[in-house]
*Asks:* 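Right, I'll just put the structure down here and ask away after.
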There are 2 protein chains.
Amino acid sequence: MAEHKQIPDPTLLRMCRYLRILERHDDATISSAAIAEVAGVNAAQVRKDLSFFGEFGQPGVGYHTKELLASLKRMMGLDEEMEVVVVGAGALGSALINYPGFDNRGFRIVAVFDNNPAKVGHRLRGYEIMAFDRLKDTIAEHNVSLAIIAVPRTAAQAVADALIEAGVKGILNFAPVTLKVPDDVVVRSVDLTLQLETLAYYVRD
Amino acid sequence: MAEHKQIPDPTLLRMCRYLRILERHDDATISSAAIAEVAGVNAAQVRKDLSFFGEFGQPGVGYHTKELLASLKRMMGLDEEMEVVVVGAGALGSALINYPGFDNRGFRIVAVFDNNPAKVGHRLRGYEIMAFDRLKDTIAEHNVSLAIIAVPRTAAQAVADALIEAGVKGILNFAPVTLKVPDDVVVRSVDLTLQLETLAYYVRD
DNA sequence: CAGTGTGAAGCGCTTCACAGCT
DNA sequence: AGCTGTGAAGCGCTTCACACTG
């Protein structure tokens with residue numbers, strides 16, 4: 001996590017949503033109320049979030065759409081392409097590789113790994129599937145700092161360990177486990193069934 | 001959301017994780033400290049979370065694994081099978097249909113919908129893909145209250161509206177938009193790129 | 001006016017700390 | 001002695017309210 005921790009996590013998540021809203025906004029300016037409306041949050045929240053990064057607005061007018069977008073992208077580290085590796089070429093991994101959102105947002109998949117011998121060497125949407133033993137040199141060679149884990153639960157921690165040893169600093173984990181990682185590595189977990197299970201609670205009876 | 005709102009949302013999410021930990025635990029008893037260790041949270045947090053549902057523990061001993069598991073499953077509404085429909089049979093939808101986690105946790109997919117004429121009528125892992133015009137009667141017929149949205153961003157709100165009109169009360173949304181829904185419908189959004197984008201912030205430079 | 005930026009209040013989740021039980 | 005259940009403290013995010021600005 002290092003020294004970046006001054007900005008609240010919920011703010012960071014919302015910032016990304018604001019970016020999308022700005023990208024789809026046609027007018028030259030936009031108010032915090034307008035952003036809030038689309039994002040489904042409080043307008044004061046939007047202003048407070050933005051204020052973490054600086055003062056972009058003009059009282060009585062709002063924010064200049066393009067300017068704000070460009071500034072935020074840069075401050076979020078999304079203004080330049082970022083290399084990512086995907087580990088796990090099962091159903092989920094394949095879907096992620098095909099997912100247009102990643103390409104479109106400046107993430108470039110540089111390699112796909114899987115340890116299933118039936119898959120290694122084959123191509124998946126143009127990417128050659130490599131065995132795990134090529135993790136380290138590939139990551140070093142391309143200077144990759146982000147990885148996506150889409151392997152079964154039982155393999156996830158070992159994969160994470162290998163990725164971290166290879167120098168990865170950020171992990172997006174789709175396996176349903178809590179990964180143990182050093183302090184300087186950031187993990188985000190997306191658990192597909194967890195969310196569905198909490199819905200069951202609200203919906204039953 | 002209705003009258004269930006007394007339990008904090010973060011607690012609900014953690015409860016599901018505790019369930020998994022209990023399922024994989026071999027000893028007859030388990031302490032809050034042991035659960036906390038695996039879940040990566042504070043032990044007091046575990047006890048507080050559990051206390052929302054009742055008093056299950058035995059001072060000096062801990063919790064009886066199987067008993068606790070059974071009680072929690074029932075209280076979370078996960079003790080009986082629940083019908084789900086999936087809307088969107090693209091890469092993500094297909095991956096979700098294949099995802100073992102759903103089957104294993106008591107969710108039964110009863111129908112898959114997609115409006116792509118090239119897909120309608122075909123089968124996907126045993127499920128016939130149906131056009132959207134069959135949404136309403138299928139949901140009514142099977143008394144479905146949960147739905148998964150895995151369609152492109154632009155179609156998501158319309159799909160949500162149709163699902164809600166058909167009687168769905170809980171939606172797991174994978175499209176990158178904030179859905180507008182009535183108060184009695186619960187939405188959980190899983191945004192695949194959002195998480196990756198926040199990682200970019202921590203990892204850059 | 002219309003709308004930003006922000007101190008201060010509000011609120012809810014997390015953690016502490018300890019009484020109480022076995 | 002070991003561990004639970006919980007009141008109370010702590011802490012951080014959200015919302016309010018308003019001075020300020022073009």
Side-chain angles (χ1 to χ4, degrees), chain A residues 1 3-18 21-22 25 27-69 71-72 75 178 194 198 201, chain B residues 1 3-18 21-22 25 27-69 71-72 75 178 194 198 201:
Chain A
M1 269 156 219
E3 77 297 344
H4 280 302
K5 199 52 207 184
Q6 63 282 38
I7 294 183
D9 219 75
T11 293
L12 235 35
L13 258 341
R14 281 190 301 268
M15 290 303 293
C16 300
R17 284 163 52 198
Y18 301 160
I21 292 168
L22 292 173
H25 189 72
D27 296 356
T29 63
I30 187 167
S31 69
S32 62
I35 298 175
E37 159 68 21
V38 182
V41 301
N42 186 296
Q45 179 82 81
V46 173
R47 295 198 297 277
K48 185 76 91 181
D49 284 340
L50 295 177
S51 77
F52 280 106
F53 294 87
E55 304 194 0
F56 305 102
Q58 208 168 308
V61 179
Y63 304 89
H64 290 281
T65 312
K66 282 187 199 302
E67 251 178 70
L68 181 60
L69 180 60
S71 302
L72 294 184
M75 307 192 110
T178 307
L194 222 53
T198 67
Y201 173 75
Chain B
M1 266 154 219
E3 76 297 346
H4 279 302
K5 198 53 207 183
Q6 64 280 39
I7 295 184
D9 219 76
T11 293
L12 234 34
L13 259 340
R14 281 191 301 269
M15 290 304 292
C16 300
R17 285 163 52 199
Y18 301 160
I21 292 169
L22 291 173
H25 189 73
D27 296 357
T29 63
I30 187 168
S31 68
S32 61
I35 298 175
E37 159 68 20
V38 182
V41 302
N42 186 296
Q45 180 82 82
V46 173
R47 295 198 298 276
K48 185 76 92 180
D49 285 339
L50 295 177
S51 76
F52 280 106
F53 294 87
E55 305 194 0
F56 306 101
Q58 207 168 310
V61 179
Y63 304 89
H64 290 281
T65 312
K66 282 187 199 301
E67 250 178 71
L68 181 60
L69 180 60
S71 302
L72 294 184
M75 306 193 110
T178 307
L194 222 53
T198 66
Y201 173 76

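Keep in mind it's a predicted model, so treat the numbers as computed, not measured.
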*Asks:* What distance do A:E37 atom CD and A:S32 atom OG have between them, rounded to the nearest 0.5 Å?
*Replies:* 12.0 Å
*Asks:* So, the side chain of A:T65 versus the backbone of A:L22: is there a donor-acceptor pair under 3.5 Å, distance only?
*Replies:*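 Pair absent, no side-chain N/O of A:T65 close to backbone of A:L22.
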*Asks:* Quick check for you: to the nearest 0.5 Å, what is the distance between B:L68 atom CG and B:K66 atom NZ?
*Replies:*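 One gets 12.5 Å once the value is rounded to the nearest 0.5 Å.
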*Asks:* D:dG5 P sits how many Å from B:E55 CD, rounded?
*Replies:* 6 Å
*Asks:* Map A:G62 and A:K48 onto DNA chain C by nearest heavy atom, then report which one ends up closer to the 5' terminus.
*Replies:* A:G62
*Asks:* More 5' along DNA chain D: B:R47 or A:V61, using each one's nearest nucleotide?
*Replies:*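 It is B:R47, whose closest nucleotide lies nearer the 5' terminus.
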*Asks:* Going by heavy atoms closer than 4.0 Å, what residues in residues 30-39 of chain A are next to DNA chain C?
*Replies:*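 Result for residues 30-39 of chain A: A:S31, A:S32, sorted by number.
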*Asks:* Can you tell me how far C1' of D:dG5 sits from CZ of B:F53, to the nearest Å?
*Replies:* 16 Å
*Asks:* Within the distance-only criterion (no hydrogens, no angle test), does the side chain of B:N42 pair as donor or acceptor with the backbone N or O of B:A44 below 3.5 angstrom?
*Replies:* yes
*Asks:* With sequence neighbours left out, write down each residue that passes side-chain contact (heavy atoms from CB on, under 4.5 Å) with B:T11, or none if nothing qualifies.
*Replies:*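 Partners of B:T11 under the side-chain contact (heavy atoms from CB on, under 4.5 Å) test: B:I7, B:P8, B:R14, B:M15, B:D49, B:F52.
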*Asks:* Check whether any side-chain heavy atom of A:F56 sits under 4.5 Å from a side-chain heavy atom of A:S71, and report yes or no.
*Replies:* yes
*Asks:* Shoot me the first and last contacting nucleotide of DNA chain C against chain A, ordered 5' to 3', at under 4.0 angstrom to non-hydrogen atoms.
*Replies:* C:dA2 to C:dA8
*Asks:* Looking across every strand, which nucleic acid part, if any, lies under 4.0 Å from A:G60 by heavy atom: base, sugar-phosphate, or nothing?
*Replies:* base
*Asks:* Judged by each residue's nearest nucleotide on DNA chain D, which is more toward the 5′ side, A:V41 or B:S51?
*Replies:*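 Its nearest nucleotide being more 5', the pick is B:S51.
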*Asks:* Do B:R47 and B:Y63 have side-chain heavy atoms sitting under 4.5 Å apart?
*Replies:*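 Touching, per the 4.5 Å side-chain cut-off.
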*Asks:* How long is the straight-line distance from CD1 of B:I30 back to CD1 of B:I35, given to the nearest 0.5 Å?
*Replies:* 4.5 Å
*Asks:* Using atom NE2 of B:H64 as one end and atom C1' of D:dT4 as the other, report the distance to the nearest whole Å.
*Replies:*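 Spelled out: NE2 on B:H64 to C1' on D:dT4 is 12 Å.
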